[in-house]
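Below, chains carry the letters A, B, ... as their sequence lines are ordered, and counting in each starts from 1.
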Amino acid sequence: MEKYLPKEIENKWQQKWKNDPSIYAADDLSTNEKKYILDMFPYPSGDGLHIGHVESYTATDIISRYFRMKGFNVLHPQGWDAFGLPAENFAIKTGVHPSETTKKAIANFTKQINSLGFSYDWSREINTSDPGYYKWTQWIFLQLYKNGFAYKKKAKVNWCPSCKTVLANEQVIDGKCERCNSEVIQKDLEQWFFRITDFIENKGETIGLLNGLEKVDWPDSTKAAQRNWIGKSEGTQFGFRIKDSEEAIEVYTTRVDTAFGITYVVVAPEHPVISNLKSKISNFAEVEKYLIEAQNKTELERTELQKEKTGVRLEGVEVINPFTGEAVPLFVADYVLGGYGTGAVMAVPAHDERDYAFAKKYNLAIKEVVSGGDISKQAFTDDGVLINSSDYTGLDSAEARQKMADWLEKENVGKKKVNYRLRDWLVSRQRYWGAPIPIIYCEDCGAVPVPENDLPVVLPTDVDFKPTGESPLVNSKTFHEVNCPSCGKKAKREVDTMDTFVCSSWYYFRYADPKNADEFAASEKINKWLPVDLYVGGAEHTVLHLLYARFFTKALHHLGYLDFDEPFSKLRHQGIILAEDGNKMSKSKGNVVNPDTVVAEVGADVLRMYEMFMGPLEDMKPWSTQGIVGIVRFLEKIWKLQEKISDGQLPENGKNKALIHKTIKKVTDNIESFRYNTAISSLMILVNAFEKEKEIAAGDFEALVAMISPFAPHIAEELWEKLGHQTSVTKAEWPKADAELMKEEEVEMVVQVNGKVRERLMIAPDVTEDEAKETALESEKVKAFTQGKEIKKIIFVPGKLINIVVD
RNA sequence: GCCCAGGUGGUGGAAUUGGUAUACACGCCAGUCUUAGGAACUGGUAGAGCAAUCUGUGGAGGUUCGAGUCCUCUCCUGGGCACCA
């Protein structure tokens, strides 16, 4: 028999699949039940495919191939998240246009992906930088704009000085730019936003971003992270009247029960009340100095100095606590955030750590109103029973919160209020390589949407890439200077482009109808294929892509374009594959494993199967070059089993039959529950058993080949062909487990005495408790522990275990 | 500080409702064969002990005939959020 030569086999079959793309094509017309299995599409970087891509793409490929064999109509597409900064930065350095770089990278990615035998439906390939695609990104922008979900406003925004563009909140990690790690600063700029906060709670028929999490099958950690990011907080908002004035300062609190302990009020440096009260503030010079200092701090500086609180009293201004009628001093301090709640807080040093630290530093009164702590040492922040709180004394915190909020409402000075941490999504970018925002500014008409007939607004090529802080599109006269679509006068185009996350927020709709020139996708096709049945990708997109995509789905559902309001019914993340040394793979450490090298050495089937065998998909796990040998040996063993295929009739071998059917069941269950590592191990057990046989029935070997085909499609096709099949193993039926045939003639029964294993006996699987007891008590080993003792109890698990309880 | 997910041999990891702890694989040890190779095959491999046996799933308690699995407390690791009032 010839040797197992993965390279030859893999080339042969990849060529065949390429020549017959229909075998993996999704069928728009089929009435079979559909499965939409989706990978997070890659950014085609110059570095090529990463070993982590291989992990998640193999996982989805296995389940896609499995579902096809089960008779489902499977949609398993792939495409390119092709806009983005790396190509643009490369252009700045070298002058090579990003479209060139991207085109090259895509060609390389495609080659690499095909060398791994993934069963994508390439007829549905998409590319976000293709005008045929971003026309619809722009179209969706216009729908959002026309319905009030996209708007432009001046605001304090995150600015990355190195990337020279604004960033969304989600793209700032620990005060640093998600992409380049530079410290982010705050700037007042006029920018485009999407009203994502409108969809936090249910909106009409559309289930909200919070409630929607309850109906999807996503990892708990991901749901928790999204809830965390949205940051819902239920509290009370009420006003402090400024003494000798009609004006009031609104504060927000979750602890209105501590209101009798208020000893001062604090506003954020951005709070408008400061300039409004300028005439009253006797130390305004000092206050102004503080404001300037606060403004110059970066986000990082402002939060890094958490311990050391600073602030200035607004001398000459006092505010009235509505509960006590007491006048308390007013401070400005940058530990209060301008962008959250009302930008002002009531300070209760006895029951809040930050207020406590501030009060200690500036020698302010600390008044205890909830019993249970020792406020001479530290703030007591738990709930408790109220003291020193007039009529509310004696109530516990929860009850007091309710009654005090009711009182505020009755007095018309406050109400219950819900706040969220989530801000609207800032989507404009001052960069080149993205989808242009389809808006035209006219001196007379203002912001005018580009007419839908004029879409796409094509990205011009006559630009200078050097980032200046203004979009490079401003340099393109052909692009920038246009006529107003409304009045025809000279006007200017919006020069900012959209965040690449906008392009990736809807791409999974486009796969349903990728070539449609009249719609972003025909509604019958979208509603046929969507929602996505299984979505697999890295956990780093938890609050970025996954939140934005949900928002798009909800907005489009609300506008009547979709039948569903959650895009991804089931989500799983692949874990990070660490380098052999246990560190993260990185170019600078030189510990990166390149899939091309591994494929060249051991073949795609081995790489695919090894990555699935390493451990649970979602776990972080280190690469092991040594460990691959196990899979090489496994596939070689399967190859050699061909020699044992019997051409004649084999006598029924009961033991192997049971093992085959048990394996079918286990592999089937494991694939459906995404536990490929244990699926492979049970296949190994079956192969080890086959190896011990002199001959194997052809049908049994076929079942094995069918089962390995999702994991290692090339060797499976080759063996399938050698078994005499004319058609691809993809067209084969997935083997069925027969429960009758799984039954063993004899099973091992564990005999325990007082819960400890003392003996293992072979019995018929259906013996009764009495029979089992009798057999067990005859055993010498068991006797040694039961002799002369009274049997108090027998626990019997049929076919498995008997536990004899003695004194 | 808050919220998730985890801690099992030398290594990656197995273990339906609580029911044989360490499947499968790597590595290691011994052996067989050999054209000495990073091949193949056979056997062994949690720890202690000559053995019977005892001890073992981060730690301490508890529930149970029986706990890796359930409960309480605690330590550690990874991830997310964080001056959010």
Which whole number of Å gives the distance between the P atom of B:G10 and that of B:G58? 13 Å
Grab the two heavy atoms, one from A:Asp581 and one from A:Asn583, that are nearest each other, plus how far apart they are. OD1-N, 2.9 Å
Within the structure shown, what part of the strands sits under 4.0 Å from A:Ser681 by heavy-atom distance: base, sugar-phosphate, or nothing? base
Given the side-chain rings of A:Tyr420 and A:Trp229, with only the six-membered ring counted for Trp, is the space between their centroids under 6.0 Å? no
Cation-pi check for A:Trp218 against A:Arg227: NZ or CZ below 6.0 Å from the six-membered ring centre and within 45 degrees of the axis, yes or no? no
B:U55, OP1 or OP2 - any side-chain N/O from A:Lys756 closer than 4.0 Å? yes
More than 12 non-hydrogen atoms from neighbouring residues, nucleotides or ligands closer than 6.0 Å to NZ on A:Lys367, yes or no? yes
Counting only side-chain N and O atoms of A:Tyr335, is one of them less than 4.0 Å from OP1 or OP2 of B:A85? no
P-based separation of B:G7 from B:C70 [nearest Å]: 11 Å
Any base atoms under 4.0 Å from A:Asp220, or only sugar-phosphate, or nothing? Heavy atoms, all strands. sugar-phosphate
Between atom CZ in A:Phe634 and atom P in B:C26, what is the gap in whole Å? 12 Å
Is any side-chain N or O of A:Arg758 closer than 4.0 Å to OP1 or OP2 of B:C54? yes
Salt bridge check: are A:Lys223 and A:Glu214 linked by an N-O gap of less than 4.0 Å? no
So, is B:G9 syn or anti if syn means the angle is within 90° of 0? syn
Pair of N/O donor and acceptor under 3.5 Å linking B:C65 base with A:Asn803 side chain: yes
Name the nucleic acid region contacted by A:Val805, choosing base, sugar-phosphate or nothing; use a 4.0 angstrom heavy-atom cut-off, strictly under. sugar-phosphate
Evaluate side chain to side chain contact (heavy atoms under 4.5 Å, CB included) for A:Arg758 paired with A:Val751, printing each intermediate quantity in order. CA-CA 6 Å; A:Arg758 298 303 178 187; A:Val751 184; 5.6 Å; no
P gap between B:G49 and B:G31, integer Å: 23 Å
Just call it for A:Glu353: base, sugar-phosphate, or nothing, with non-hydrogen atoms closer than 4.0 Å on any strand. nothing
Would one find a side-chain N or O of A:Lys793 under 4.0 angstrom from OP1 or OP2 of B:C65? yes
Which part of the nucleic acid, if any, lies within contact of A:Glu618, taking any heavy atom under 4.0 Å across all strands shown: a base, the sugar-phosphate backbone alone, or nothing? nothing
Identify whether any heavy atom of A:Val336 sits under 4.0 Å from a base atom; if not, whether one sits that close to sugar-phosphate; answer base, sugar-phosphate or nothing. base
Has the side chain of A:Lys309 got a donor or acceptor atom sitting under 3.5 Å from an opposite partner on the base of B:C83? yes
Any donor-acceptor N/O pair, A:Thr263 side chain to A:Ala365 backbone, under 3.5 Å: yes
Length of the line joining A:Leu546:CG and B:G80:C1', which is rounded to integer Å: 14 Å
Taking the P atom in each of B:U8 and B:A85, what is the distance between them to the nearest angstrom? 37 Å
Ion pair present between A:Asp334 and A:Lys309, side-chain N to carboxylate O less than 4.0 angstrom? no
From C-beta outward on A:Ser233, which listed nucleotide comes closest to its side chain: B:C54, B:A85, B:C24? B:A85
Answer yes or no: does a side-chain N or O of A:Asn688 lie under 4.0 Å from OP1 or OP2 of B:A25? yes
Per A:Val797 side chain, nearest of listed nucleotides B:C41, B:G19, B:G12: B:G19
Please work out if A:Ile685 contacts a base, only the sugar-phosphate, or nothing of the nucleic acid, heavy-atom cut-off 4.0 Å. sugar-phosphate
With P as the reference atom in both, quote the distance from B:G6 to B:G13 in angstrom, rounded to an integer. 13 Å
OP1 or OP2 of B:A15 less than 4.0 angstrom from a side-chain nitrogen or oxygen of A:Arg675, does that happen here? yes
Return the value, rounded to whole Å, for the distance between atom CE of A:Met620 and atom P of B:G13. 11 Å
Considering every strand and a 4.0 Å limit on heavy-atom distances, what is the contact class for A:Pro616: base, sugar-phosphate, or nothing? sugar-phosphate
With a 4.0 Å cut-off on heavy atoms, is A:Arg633 in touch with a base, just the backbone sugar-phosphate, or nothing at all? sugar-phosphate
Assign A:Thr254 to base, sugar-phosphate, or nothing according to its heavy-atom contacts below 4.0 angstrom with the strands shown. sugar-phosphate
OP1 or OP2 of B:A14 under 4.0 Å from side-chain N/O of A:Asn677: yes
How far, in whole Å, is B:A23 from B:A46 if one measures between their P atoms? 8 Å
How far, in whole Å, is B:C76 from B:A21 if one measures between their C1' atoms? 23 Å
If the C1' atom of B:U72 is compared with that of B:C24, how far apart are they to the nearest Å? 36 Å
What's the CG-P distance between A:Leu659 and B:A23, to the nearest Å? 17 Å
Taking any heavy-atom pair under 4.0 Å as a contact, classify A:Glu759: base, sugar-phosphate, or nothing. nothing
Here the distance between atom C1' of B:A40 and atom CH2 of A:Trp639, to the nearest Å, is 18 Å
